[in-house]
Amino acid sequence: MAVTNAELLAHLRHQLQPCRKAGRWVLGFSGGLDSTVLLDLVHALQKTLPDTPPVLALHIHHGLSPHADSWAAHCRAQCAVRGVPVEVLPVQVDTGAGRSVEEAAREARYQAFASRLEVDDMLLLAHHADDQAETLLLRALRGAGPVGLGAMAARRAMAAGRLLRPLLDVPRAALLAWARGHGLAWIDDESNADARFDRNYLRLEVLPRLAARWPGYLDTLGRTARWQRESAGLLVELAEQDAARAVDACGRLSVAALLALSAPRQRNLLRHWLATLALPMPSEAQLAQIQAAALAAEDAQPRVHWGGAEVRRHRGLLYAMRALPAWLAPPARTWRLPDGLQASPGAAAGAVLDLADAGRLEAWPTTGAGLRAGLGPLTLQFRQGGERCRPAGRAHSQRLKKLLQDADLEPWLRDRVPLLYCRDELVAVGDLWVCEGWQAGPGERGWQLVWSRP
């Protein structure tokens with residue numbers, strides 16, 4: 001459906017009217033057709049819409065083209081004509097780990113945008129309906145689920161502010177008509193003609209054929225993306241309900257609660273659980289391995305790992321975490337707790353020791369509990385085998401291996417638990433036990449130990 005210039009400006013006014021209380025309108029400005037039209041539309045809108053927030057343009061200098069410097073100069077000139085301040089942000093595009101140039105440039109670009117957003121800022125990007133169709137098709141060809149097939153959201157939270165794509169329902173043809181009708185000048189990035197890039201191939205070879213056969217395909221694919229976002233939202237609601245019954249306060253997932261669900265619902269819950277823990281998404285095959293791990297024999301210790309993350313099972317619970325590297329116990333080290341410990345908790349600073357792959361050990365001042373203060377330098381090391389400990393208040397010592405098993409410490413942490421020694425005698429085992437004879441008595445100053453697991 002054709003969109004007139006007047007309708008295009010009215011559409012933008014409708015989109016931005018609720019955003020007039022934003023701290024700033026921050027425009028992502030590449031200097032290409034789309035962002036140039038958005039800049040010009042916002043400039044025109046400011047003349048008719050009172051009380052608009054200040055506008056700032058951001059140009060990302062990727063350094064990938066020999067013309068990058070002249071593009072930055074062009075963007076400065078275009079903004080100067082309209083009285084809009086502009087910042088040029090140089091970025092490094094990291095194509096390591098097998099990432100494409102497109103993916104790496106996009107990540108660098110969004111990181112740069114996020115770094116400049118302040119509280120209540122609204123980042124405006126010029127993505128349009130053709131972009132949305134391309135994104136949907138690319139993700140479908142990569143086997144995406146409902147979240148991916150939802151393509152680009154019109155609005156979402158971003159860093160300290162919000163992101164808005166006010167032209168997402170507008171065809172590119174309408175932007176081109178505005179640009180020509182108003183005599184705008186824009187940059188043509190030569191890389192956009194390179195059909196080796198997937199998005200360019202779709203734009204140059206595939207979409208024209210779709211348009212010839214199905215003229216209304218932009219509206220149709222846009223509607224499909226909206227339905228997929230609705231479906232994804234419903235799946236999140238369902239997963240939140242299941243997680244409320246299956247995930248404990250420590251973020252561990254009950255195997256019994258998981259297995260009580262249908263297989264598709266299990267996968268939905270697992271994806272949601274991993275997302276809430278800020279872990280990368282596993283592939284379909286890896287997700288199936290996690291489901292299989294839940295079904296493994298009771299005495300098994302399955303581990304599924306992918307992309308820097310892993311899931312383990314222990315005693316009816318699934319644990320998800322950053323992948324733990326193979327354990328090689330570091331050499332013993334000396335830990336000196338601060339002098340001048342005060343009797344009241346919090347009166348003196350604590351001590352924090354980074355243990356790398358074994359987490360972090362902290363000591364905080366307390367009274368009448370914890371490890372007795374004033375012991376002098378402590379030696380920290382890890383299990384070698386054969387250690388014994390008599391926890392404070394118990395009648396007999398036991399092998400540390402047995403104590404850790406009885407305490408139900410996760411097996412992958414048992415070699416990583418920090419051991420504190422005073423003159424070659426074990427005095428504390430992480431934050432699990434202070435050994436008999438080394439605890440602070442009533443009224444005595446002590447150190448409360450806190451071991452943050454890796």
Side-chain angles (χ1 to χ4, degrees), residues 3 5 8-9 11-12 25-45 55-82 84-91 93 100-113 116 123-135 138 151-152 163-204 207-208 218:
V3 178
N5 286 348
L8 179 57
L9 186 60
H11 174 81
L12 187 69
W25 288 347
V26 181
L27 274 64
F29 184 44
S30 69
L33 169 69
D34 310 335
S35 61
T36 298
V37 171
L38 179 59
L39 175 69
D40 199 59
L41 284 166
V42 168
H43 179 63
L45 190 61
V55 176
L56 169 68
L58 298 179
H59 175 76
I60 309 303
H61 190 306
H62 298 93
L64 296 174
S65 169
H67 308 297
D69 289 339
S70 64
W71 292 346
H74 169 88
C75 289
R76 288 191 180 98
Q78 292 297 311
C79 289
V81 167
R82 296 168 177 84
V84 174
V86 60
E87 294 182 13
V88 176
L89 305 179
V91 297
V93 178
S100 68
V101 173
E102 295 167 284
E103 179 186 2
R106 180 186 182 280
E107 181 176 320
R109 185 162 58 250
Y110 277 79
Q111 286 177 352
F113 287 148
R116 292 296 293 118
L123 175 66
L124 306 180
L125 299 181
H127 295 114
H128 47 71
D130 297 62
D131 294 324
Q132 185 76 313
E134 293 165 12
T135 300
L138 281 172
M152 293 181 286
L163 181 153
L164 175 66
R165 296 181 172 97
L167 305 177
L168 200 57
D169 294 330
V170 177
R172 183 180 184 275
L175 305 188
L176 182 60
W178 177 279
R180 288 174 173 169
H182 290 80
L184 303 185
W186 64 88
I187 293 166
D188 280 320
D189 185 341
E190 71 277 2
S191 69
N192 289 336
D194 189 346
R196 291 176 301 173
F197 296 118
D198 290 343
R199 185 176 288 273
N200 289 348
Y201 180 80
L202 274 178
R203 183 182 303 132
L204 299 171
L207 296 186
L218 287 180

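Please read all numbers here as calculations on a predicted model, not as lab measurements. In this chain, residues are counted from 1 in sequence order.
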- [ ] May I have the step-by-step check of side-chain contact (heavy atoms from CB on, under 4.5 Å) for Val91 and His62, ending in yes or no?
- [x] CA-CA 5 Å; Val91 297; His62 298 93; 4.0 Å; yes
Heavy-atom pair with the smallest gap, counting every atom of [X] and [Y]:
{"X": "Leu9", "Y": "Ala44", "value": "CD1-CB, 4.3 Å"}
{"X": "Thr36", "Y": "Ala185", "value": "CG2-O, 3.7 Å"}
{"X": "Ile187", "Y": "Ser30", "value": "CD1-O, 3.8 Å"}
{"X": "Ser191", "Y": "Asn200", "value": "O-ND2, 2.7 Å"}
{"X": "Asn5", "Y": "Ala177", "value": "OD1-C, 3.9 Å"}

Quick one: pull up [atom1] in [X] and [atom2] in [Y] and give me the separation to the nearest 0.5 Å.
{"X": "His59", "Y": "His74", "atom1": "NE2", "atom2": "NE2", "value": "9.5 Å"}
{"X": "Phe113", "Y": "Ile60", "atom1": "CZ", "atom2": "CD1", "value": "4.5 Å"}
{"X": "Leu184", "Y": "Leu33", "atom1": "CG", "atom2": "CG", "value": "8.5 Å"}
{"X": "Leu124", "Y": "Leu58", "atom1": "CG", "atom2": "CG", "value": "10.5 Å"}
{"X": "Phe29", "Y": "Ser35", "atom1": "CZ", "atom2": "OG", "value": "5.0 Å"}
{"X": "Arg172", "Y": "Leu218", "atom1": "CZ", "atom2": "CG", "value": "12.0 Å"}

Task: All pairs passing ring-ring contact (aromatic ring centres under 6.0 Å, His included) where residues 168-198 contributes a residue, at least two apart - done: Trp178-His182
Task: Criterion side-chain contact (heavy atoms from CB on, under 4.5 Å) on Leu27 and Leu56, from CA distance to verdict - done: CA-CA 6 Å; Leu27 274 64; Leu56 169 68; over 6 Å; no
Compare all side-chain heavy atoms of [X] with those of [Y] and state whether any distance is below 4.5 angstrom.
{"X": "Pro166", "Y": "Leu125", "result": "no"}
{"X": "Val170", "Y": "Leu12", "result": "no"}
{"X": "Glu103", "Y": "Arg106", "result": "no"}
{"X": "Pro171", "Y": "Val3", "result": "yes"}
{"X": "Leu167", "Y": "Leu175", "result": "yes"}
{"X": "Cys75", "Y": "Gln78", "result": "no"}

Open item on the list: Using modelled atom types and a 3.5 Å cut-off, is there a donor and acceptor pairing between side-chain atoms of Asp188 and backbone atoms of Gly32?
Closed with: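 No.
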Task: Backbone N/O of Asp130 and side chain of His128: donor-acceptor pair under 3.5 Å - done: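 Looks like yes, one N/O pair under 3.5 Å.
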Task: Side chains of Thr135 and Arg199, donor plus acceptor under 3.5 Å - done: yes
Open item on the list: I'd like to know if the side chain of Ser65 pairs up with that of Glu190 as donor and acceptor (distance under 3.5 Å, no hydrogens or angles considered).
Closed with: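 Per modelled atom types, Ser65 and Glu190 side chains form a pair under 3.5 Å.
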Task: Test side-chain contact (heavy atoms from CB on, under 4.5 Å) applied to Cys79 and Leu39, step by step - done: CA-CA 8 Å; Cys79 289; Leu39 175 69; 4.2 Å; yes
- [ ] Using a strict 4.0 Å threshold on nitrogen-to-oxygen distance, state whether Arg116 and Glu87 make a salt bridge.
- [x]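 A salt bridge is present here (some side-chain N lies under 4.0 Å from a carboxylate O).
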List for me each residue that meets side chain to side chain donor-acceptor pair (under 3.5 Å) alongside [X], sequence neighbours excluded, and say none if there are none.
{"X": "Asp169", "result": "none"}
{"X": "His127", "result": "Arg165"}
{"X": "Asp194", "result": "Arg196"}

Task: Pairwise salt bridge (Lys or Arg N to Asp or Glu O under 4.0 Å) hits with a residue in residues 32-41, at least two apart - done: Asp40-Arg82
Task: Partners meeting salt bridge (Lys or Arg N to Asp or Glu O under 4.0 Å) with Asp198 (sequence neighbours left out) - done: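 Salt bridge (Lys or Arg N to Asp or Glu O under 4.0 Å) check on Asp198 returns Arg142.
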Task: side-chain contact (heavy atoms from CB on, under 4.5 Å) between Leu41 and Val37, worked out - done: CA-CA 6 Å; Leu41 284 166; Val37 171; 3.6 Å; yes
Open item on the list: Atom OH of residue position Tyr110 - does it have more than 12 heavy atoms of other residues, nucleotides or ligands inside 6.0 Å?
Closed with: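 Check passes, neighbour count above 12.
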